[in-house]
Amino acid sequence: MSTIGLTPLTAAVVALLALAGAAVARLGHLGHERAVLVACLRATVQLGAVALIIVWAVQRSAAVAAFIVVMYGVASLTAGRRITTGPAVRWAAVPIAAGTLPVLALLVGTGTVPLRGITLIPVAGILLGGCLTATALAGRRAVDELTHRHGEVEAALALGLSERDAALEICRPAAAQALVPALDQTSTVGLVTLPGAFVGMLLGGATPLQAGAVQLVVLVALLAAEAVAVLVTIELAARGRFPVRRR
């Protein structure tokens, strides 16, 4: 067998892993045991629904566009809620778009990624997912730094720095660490990990060289997109678009 089959054994293994993850979270007092189970259940339902929708959508340009817009909306809302609350949540849509759109346009415009639903949807999803993570991490770290080191921001203002520059001096070093996971993933690919695009291509019957080429494009594109998302997120935080929690 060259693929993972949809069998009762597969379902049992997935259920066992989900329960194991929740049990570890509970025994370790991590506080996320319920979230682990809910996330696994949501993943099961959502992937099943998406699989059915994609079969229908990939042959229809309007459906492909709508699918990508929905993914973008969910990514923006999720990242925003990780950073802040209230109306400020909407600002997370800016770095996600800033990171995803130029990179996706370059890939499609040069013909590197064919203008077809079956390739556009997964590539857009990978870019949006990476920018979601980068935006959420950078935003949370920036807000945390500005919250806990508010006195240092005030000191920088007293020295004559603008509010933006003072905030950047404090939050940028920590927030920029949000790019580390993407850097590690790219620099260790093939040595530590074999990412999804590579494995998926192999399971689909592609040669190792073809799978490697696709994975290289995806990883480099993702790193570029996340770098832009982190930069824009830090800028928004420094300009006060994500409210700082006063203690």
Side-chain angles (χ1 to χ4, degrees), residues 1-6 43-79 92-135 179 181-232:
M1 176 182 285
S2 61
T3 61
I4 297 174
L6 185 60
T44 301
V45 174
Q46 289 165 191
L47 283 173
V50 165
L52 296 175
I53 293 171
I54 286 179
V55 171
W56 172 82
V58 291
Q59 302 299 327
R60 298 165 174 83
S61 299
V64 170
F67 197 93
I68 293 174
V69 169
V70 170
M71 288 195 295
Y72 168 62
V74 173
S76 301
L77 183 60
T78 302
V94 177
I96 291 177
T100 301
L101 287 179
V103 174
L104 188 59
L106 176 64
L107 293 176
V108 173
T110 58
T112 303
V113 172
L115 189 59
R116 294 162 40 205
I118 196 64
T119 52
L120 273 178
I121 289 176
V123 171
I126 290 171
L127 294 175
L128 287 168
C131 288
L132 183 165
T133 302
T135 298
L179 197 57
L183 287 169
D184 288 344
Q185 182 184 32
T186 304
S187 62
T188 62
V189 66
L191 299 175
V192 178
T193 61
L194 294 177
F198 183 85
V199 175
M201 290 286 292
L202 289 180
L203 292 176
T207 67
L209 285 178
Q210 290 172 326
V214 170
Q215 186 62 71
L216 179 62
V217 170
V218 169
L219 279 177
V220 175
L222 187 57
L223 183 57
E226 290 191 34
V228 174
V230 169
L231 177 65
V232 175

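This structure is a prediction, so every number in the text was calculated from the model and none was measured.
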Identify all side-chain donor-acceptor contacts of residues 66-78 below 3.5 Å with residues at least two apart in sequence or on another chain.
| from | atom 1 | to | atom 2 | distance (Å) |
| --- | --- | --- | --- | --- |
| Tyr72 | OH | Ala93 | O | 2.8 |
| Ser76 | OG | Tyr72 | O | 2.9 |
| Thr78 | OG1 | Val74 | O | 2.8 |

Taking all non-hydrogen atoms of both residues into account, name the closest pair between [X] and [Y] and its distance.
X: Ala182; Y: Leu223; result: CB-CD1, 3.8 Å
X: Pro122; Y: Gly117; result: CD-O, 4.0 Å
X: Ala97; Y: Pro102; result: O-CD, 3.7 Å
X: Ala134; Y: Val230; result: CB-CG2, 3.7 Å
X: Thr135; Y: Ala229; result: OG1-CB, 3.7 Å

Given side chains that start at C-beta, do those of Val232 and Ile96 come closer than 4.5 Å, heavy atoms only?
-> no

Enter the distance from [X]:[atom1] to [Y]:[atom2] here, rounded to the nearest 0.5 Å.
X: Ile126; Y: Leu104; atom1: CD1; atom2: CG; answer: 11.0 Å
X: Leu107; Y: Leu115; atom1: CG; atom2: CG; answer: 12.0 Å
X: Leu128; Y: Leu101; atom1: CG; atom2: CG; answer: 8.0 Å
X: Thr186; Y: Leu219; atom1: OG1; atom2: CG; answer: 5.0 Å

Name all residues meeting the side-chain contact (heavy atoms from CB on, under 4.5 Å) criterion together with Ala63; count only those two or more places apart in sequence or in a different chain, and write none if there are none.
-> Trp56, Ala57, Arg60

Is it true that atom CD1 of Ile118 has more than 12 heavy atoms of other residues, nucleotides or ligands lying nearer than 6.0 Å?
-> no

Leu52 atom CG, neighbour heavy-atom count above 12 within 6.0 Å | yes

Side chain to side chain contact (heavy atoms under 4.5 Å, CB included) partner of Val123, chosen from Leu120, Leu127, Ile121 = Leu127

Is there a donor-acceptor pair closer than 3.5 Å between any side-chain N or O of Thr119 and the backbone N or O of Pro114?
-> yes

